[in-house]
Each structure stands twice: as structure tokens, then as C-alpha cells.
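Predicted model only: the values in this text are computed from it and were never measured. Chain naming here is simple, since letters A, B, ... match the order of the sequence lines and numbering starts at 1 in each.
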2 protein chains.
Amino acid sequence: MLQHSPPLDLMFQALADPARRAMVERLCRGPASVSELAKPHSMSLSAVVQHLQVLQASGLVRSQKAGRVRTCRIEPKALRTAEQWIAERRTSWERRLDRLGQFLAAHQDEPDHGSKS
Amino acid sequence: MLQHSPPLDLMFQALADPARRAMVERLCRGPASVSELAKPHSMSLSAVVQHLQVLQASGLVRSQKAGRVRTCRIEPKALRTAEQWIAERRTSWERRLDRLGQFLAAHQDEPDHGSKS
DNA sequence: CGAATGCTGAAGCATTCACTTAAGTATCAT
DNA sequence: ATGATACTTAAGTGAATGCTTCAGCATTCG
């Protein structure tokens, strides 16, 4: 409740489903139509479209219709946003470890510093 | 349905909730007890524990109990796994763009291409 | 000891999710 | 125009999610 980042919610939620991740993987190899994306999956076209709606709401995928074919492509910018969130936390943790290491190294040869007596 | 990666499912699912992300952020600044993690949130302790269970099932967080206090810490390895999945897709996309660029450059002087004036 | 602390577990409940089927619309081919 | 293609929309269902409350159980403190 400290802060809100709707896009991040939607992005991770979108990536949490294996079918949607498979679609992202497919789209990373190039744009595709809805039925092309549906082909490898053993679910109804409707279900695929619903997954695509989740992906679009998350900003990970964009699509446009030409004639009767809707062509989908990934939005690498969004992919990078998610990547960066994780990277920032990870490096935050690594910085902490560094500080801890430095502290331990600095106090290695002064076991006790008259803290209380 | 082409392949299964349960840990990735659980990881992204875990990161999809703002409360859980907040807990991850907190844990990146150092280990914490359950009630410490609960403090910033306006939900019951039970709810927090349930979020922690999700985080642990995903492998993002590990915890151990000492006396009556359970201490939680993040598992940076898991964080890196999620980061890498995204990074791999993104670079896969970038490689594709590179190839496309090379192709376009190579065929620049070829017949009618229908480019904008 | 008994009370406070810190967590644990189970049940319940409203909402959301991941599908399904069925019926519809727009486009393209013949 | 007819039919096939490529979605689109709506409604429904069972399971999972995100909470809640209440009751329990060790551990630590006075």
C-alpha cells in the first residue's frame, strides 16, 4: 500500500502463465497473427484471444488489425521495465552484501570496541 | 503446453502482487521477521503469512525459525532466474531486429520497395 | 506460575482467472 | 451471392486468489 505501479502488476501477472510466456517467446521471433499464436496451444481460439488481451493490457504486446487479420508484436520497452525492476532489487541486495563485507573486513582485527563496561 | 517451468510460473505470480513486491523490496534491504514485514501493510498478520508462503513457494524467499521468531531473507538466485528469462527474450528480439536491419541494408538498392517519400 | 508475544492453521467468503461453448461480424475467395 | 476464414463478443463454470476471523501453540518475560 506504500506505492502503486499498475503496469508492473499486470506485467508480472501476464508473465505468470506458461501459455502467455509461450506467446511472448513466439512473438520475440517476429510478429504473428492470432491464429498463428493459437496453433501450438490445445485451447480454443477464444482462450488465446483472452490471453492476448491480458498481454496487451500489460503493455507487453501490441496489435493492429489489417483486413480480417490481427497482427501482434511484442513491446520490448515493457519487457525491459519488468527486467529492470528485478535488476534493481537484485543489485540493491548485492550492494547490501558489499557493505556488510566491508564492515566485517574493517572490524576483523578489532574484536571489541569498548561498547559497554 | 509445449514445456513446463513451474518455478517461473510461481515466481512471476509471486511478483505480480504489490504487497509481495513490497516485501521483496524490504527483504532486499536485509532479513526481517514476519511481523516486521507485516508492519507497513494494513492487512492481517495471517494475510501477510499467506503472501510469504507464496514467496517461499516461488523460491524468492527463504525463512527459518529461531525461538518464536521466523526470519525471512531473499534468495537472489531466484530473482536472477526471473531476470534472465526476460533478458533472454529481450535479446532474442534484439537479435531479430539486427538481422532485419542487415537484411534491409543489404537490399537497400533493390527494386521498388514502397517506402515513404 | 501466568501473561504477552509471535507465529500457525483452518474455515469462510467475495473476487478473479482460465477456460468453455455458442453465436455474431467483417473480410476475402470463388 | 455463398461460403470459408479470422476473429469478436457474451455468458457460464469450476478452481484459484486474497483476504478475513477465530482459535491454537510454542516461546519468552515478569
A correct 5'-to-3' footprint of nucleotides 2-12 of chain D, with B, S and - meaning base, sugar-phosphate only and no protein heavy atom under 4.0 Å, is --BBSBBBB--
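A sub-4.0 Å separation between OP1 or OP2 of D:dC19 and a side-chain N or O of B:His41 is absent. For the pair A:Ser44 and C:dT20, the criterion of a side-chain N or O lying under 4.0 Å from OP1 or OP2 is met.
Judged by closest nucleotide on DNA chain C, A:Arg20 is the one of A:Arg20 and A:Gly67 placed further toward the 5' end.
We find that CD of A:Gln64 is positioned 16 Å from P of C:dT27, with the value rounded to whole Å. If you take CD of B:Gln56 and C1' of C:dC7, they are 13 Å apart, rounded to a whole angstrom. At whole-Å resolution of the value, CE in B:Met23 and P in D:dG18 are 11 Å apart. In this structure, B:Met43 places its CE atom 20 Å from P of C:dA14, rounding to the nearest Å. Remark: C1' of C:dT16 and CG of A:Asp17 are 14 Å apart, rounded to the nearest angstrom.
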The test is side-chain contact (heavy atoms from CB on, under 4.5 Å); show your working for A:Trp93 and B:Val24 and say whether it passes. CA-CA 10 Å; A:Trp93 184 82; B:Val24 167; over 6 Å; no
Name the atoms and distances for all side-chain donor-acceptor pairs under 3.5 Å in residues 72-83 of chain B, with sequence neighbours left out.
unit_1, atom_1, unit_2, atom_2, d
B:Glu75, OE1, B:Arg62, NE, 2.7
B:Arg80, NH2, A:Glu94, OE2, 3.4
B:Thr81, OG1, B:Lys77, O, 3.1
B:Glu83, OE1, A:Arg90, NE, 2.4
B:Glu83, OE1, A:Arg90, NH2, 3.1
B:Glu83, OE2, A:Arg90, NH2, 3.0

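Evaluation of the side chain to side chain donor-acceptor pair (under 3.5 Å) rule for A:Gln56 yields A:Ser63 as partners, not counting sequence neighbours. Under the rule for a salt bridge (Lys or Arg N to Asp or Glu O under 4.0 Å), the partners of B:Arg89 that lie at least two apart in sequence or sit in another chain are A:Glu25. Taking B:Glu36 as the reference, B:Arg26, B:Ala32, B:Ser33 meet the side chain to side chain contact (heavy atoms under 4.5 Å, CB included) condition, with sequence neighbours excluded.
Sorted by first then second residue, the salt bridge (charged side-chain N to carboxylate O under 4.0 Å, His left out) pairs that include residues 40-53 of chain B, not counting sequence neighbours, number zero.
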